[in-house]
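Remarks on the structure that follows.
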Number of protein chains: 2
Amino acid sequence: MENVTIRMLAERLQLSTATISKALSNSHEISEETKQRVLALAAELNYVPNPYASSLRKKSSHTIAVVIPEVADSFFAEAINGIESVAQDKGYHVLIYLTHESFMKEQAILKDFQSGRVDGVLISVTTETTAAAHGLAQLAKEIPLVFFDRVCEEVTAARITTDDTIAAYNATSHLIAGGCRHIGLLSASRQLSISNRRAEGFQQALAAHQLPLTAASVLHCSNDPVATQQVLQTALQQHHYDGLIATTEKLATAVYQACEALSLNIPGDIQVIGFSNLSTARFLHPSLTTVSQPAFDMGKAAATLLFRALKSSSFPLNEQQQVIPSSLIVRNSTKAH
Amino acid sequence: MENVTIRMLAERLQLSTATISKALSNSHEISEETKQRVLALAAELNYVPNPYASSLRKKSSHTIAVVIPEVADSFFAEAINGIESVAQDKGYHVLIYLTHESFMKEQAILKDFQSGRVDGVLISVTTETTAAAHGLAQLAKEIPLVFFDRVCEEVTAARITTDDTIAAYNATSHLIAGGCRHIGLLSASRQLSISNRRAEGFQQALAAHQLPLTAASVLHCSNDPVATQQVLQTALQQHHYDGLIATTEKLATAVYQACEALSLNIPGDIQVIGFSNLSTARFLHPSLTTVSQPAFDMGKAAATLLFRALKSSSFPLNEQQQVIPSSLIVRNSTKAH
DNA sequence: CCGTGTTACTTAATCGGTTAAGTAAATAAA
DNA sequence: TTTATTTACTTAACCGATTAAGTAACACGG
């Protein structure tokens, strides 16, 4: 059975395809009676318009792309939820692309967007992404693009972030208030702006409390969990940390794993804070003090910005910046209150 | 700056658009020299073909749809990972649709697929989905469709499932071996086939051990976490369960929450098993004994099946059924070994 | 009764590739 | 030498919807 097209409807009703098209889009040029006849037949034959014909002609696809490092992470999963809630509401379709933290993949994906496949892009860049020689600046000029969480600071584009510096400052201060003097920050990337912001907040808090920043203060981890575990355990054995801040969700669980392996008691031997949206944080052993990011709201805000830009081309999208605060949720992996 | 089209390349090289098109698809009709010239200019002008023009003509979009209830769930997140890994490998695009367990939304989404927007569909149905009057049977005849995990048993289509009956049987037996005599099964749906399979395995295990199946044995929960918490706490107070099996990840954490609220000790007062892929299960307090589903592999298997069908239309997709076993991972929320 | 609008359509071009069918020139076979 | 075949293209139709431009019929003000 062939797909029902506008031409079939036209033939059945002895009208032109133009009339059908206009009737379906409720054009004022078409009489009420004809509209009814068209709508009735369309419903009867279960007509569904071909989106690609429409996209080709209208040069808009009613589709947006979400480019993220991974999906098995509460932050990104919740962000997708937020994005999708807005997209569904606006009748947009959502293409998902996972970069798996690979800059190469990210570039290949972004290049494809020059084809007009999507009307807009929401992106959280990889840990490897640097501004230099990245197509992002170019892309942001060509199609509406909103960074969320992991932004590329050198690129002029809309941004939805959380207050990473402050959140890290507060987390660090919380550890210090709990008695920590040798705090380590687990970083997932050297170039990622949010990593740097978090490191900044960390350093500011150390400085504010006259604590030294040493070579061991910042631990650089990779995307490979095995390597990360290695780095972590080695560091925990060599230095006597009494507090750790994991700047990603994966790193937070890695810390628990390392402490278990080395029989380190949390929070007795070492206090831990994780940047994480894990719904199970409160049921962990011990329950994890977290910096909880407003993932859903960030996704929603990013999508909302994007759709505003899609609706009116005069909207100065690239100047938009929103910072949605994270919150420190104190639990039993730290001692202070 | 206008988008580069095949026509522009044609004009620059004084060739017809047909030649360009064929050169780009490496047709044998085109000389090696011309191909090189076309490729060189395409690279120079950064030509990216318009996917919608191509889709319209070829009647294939190189895009698949993934329809799932939610994304903030380790199972689905991992499944997406599996799907996406295959899709990226094959150069396909992935549209994500979240039903939020709403049958209405699911239907609306599926109806849209008759438009030819996607070449194939991977779906895990909502808890509300019933076979009756569902467009699924029709859709499966029209475009390649693979169910994964939550199948619609009445519909003839490819399926990737896990061994729910056996897994539930084993989980139940494990609780019984640990001394449980009053076991409750938390079910997320009355109509979902996987829920019924799990309930079956549960009942078979009870029967095999001469334990009674009572009205309190199966607890029906909803998608609303607040209502679920209510149901759970009420049930835990009224009946003296000594074992619980949560058949979804969300229900597993709900059990922990309820037990905490009622000061019930796990596993002392009550032992718990959760169908869950939570990476933090081992760090929960107490660590959670889980029925771990092969989420990534199921997603991968579903996508692989779909792409085989897309590659050769003679592939009998609808007859394909694969069962990938789950595994019981014993931890400290249960007593048996 | 004429000109101007308005209504309700139709015609045809268009979006940007793809592909069946055609063609001229070169080469091979008879 | 003539015919058949291959090579390397071009022409033009096509996918299905949208839309600018055109038109016939009718209404209305002057």
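These figures come from a predicted structure and were not determined experimentally. Residue numbering restarts at 1 for every chain, and letters A, B, ... go by the order of the sequence lines.
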message: Suppose we screen for side-chain hydrogen bond (donor to acceptor under 3.5 Å, both in side chains). Which residues come up paired with A/Ser54, at least two apart in sequence or across chains?
response: none
- prompt: By side-chain contact (heavy atoms from CB on, under 4.5 Å), which residues pair with B/Ile194, not counting sequence neighbours?
  reply: B/Asp149, B/Arg150, B/Asp164, B/Leu192, B/Arg198
- prompt: To the nearest 0.5 Å, how far apart are OG1 in A/Thr126 and NE2 in A/His100?
  reply: 12.0 Å
Every protein N/O within reach of nucleotides 23-25 of chain D N/O, cut-off under 3.5 Å:
none

- prompt: Are any of A/Ser16's side-chain N or O atoms less than 4.0 Å away from OP1 or OP2 of C/dT10?
  reply: yes
Can you give me the N/O atom pairs linking the protein to nucleotides 19-23 of chain C at distances under 3.5 Å, or say none if there are none?
none

statement: Applied to residues 25-59 of chain B, the ring-ring contact (aromatic ring centres under 6.0 Å, His included) test, sequence neighbours excluded, yields A/Tyr52-B/Tyr52
task: Provide the full list of salt bridge (charged side-chain N to carboxylate O under 4.0 Å, His left out) pairs with a residue in residues 113-123 of chain B, sequence neighbours left out, each pair given once.
output: B/Asp112-B/Arg117
message: Under 4.0 Å, heavy atoms only, any strand: does B/Leu15 hit a base, just the sugar-phosphate, or nothing?
response: sugar-phosphate
- prompt: Can you tell me if B/Glu128 uses its side chain to pair, donor with acceptor, with the backbone of B/Phe103 under 3.5 Å?
  reply: yes
message: How long is the straight-line distance from NZ of A/Lys35 back to CG of A/Leu24, given to the nearest 0.5 Å?
response: 10.5 Å
field: Separation of C/dG16 P from B/Lys59 NZ (nearest whole Å)
entry: 20 Å
Five-pair end axes of the helix from C/dC1-D/dG30 to C/dA30-D/dT1, angle between them (10°): 50°
field: Whole angstrom value for the distance that separates P of C/dG16 from CG of B/Asn3
entry: 8 Å
query: Does the side chain of B/Ser31 get closer than 4.0 angstrom to OP1 or OP2 of D/dC9 through an N or O atom?
result: yes
- prompt: Under the salt bridge (charged side-chain N to carboxylate O under 4.0 Å, His left out) rule, what pairs show up with a residue in residues 71-89 of chain B, not counting sequence neighbours?
  reply: none
- prompt: Considering residues, nucleotides and ligands other than A/Arg37, do more than 12 of their heavy atoms fall under 6.0 Å from its CZ?
  reply: yes
- prompt: Taking only residues two or more places apart in sequence or in another chain, which ones pass ring-ring contact (aromatic ring centres under 6.0 Å, His included) with B/Phe113?
  reply: B/Tyr97
field: Contact list for residues 57-85 of chain B, test ring-ring contact (aromatic ring centres under 6.0 Å, His included), sequence neighbours left out
entry: B/His62-B/Tyr92
task: Please list, by residue number, the residues of residues 32-52 of chain A whose heavy atoms come closer than 4.0 Å to an atom of DNA chain C; answer none if no residue qualifies.
output: A/Thr34
field: Modelled atom types, side-chain donor and acceptor of A/Asn46 and B/Lys111, under 3.5 Å
entry: yes
- request: Can you tell me the distance, in whole Å, between the CZ atom of B/Arg117 and the P atom of D/dA17?
  value: 13 Å
- prompt: Please, which pairs that meet side-chain hydrogen bond (donor to acceptor under 3.5 Å, both in side chains) have at least one residue in residues 298-317 of chain A, sequence neighbours excluded?
  reply: none
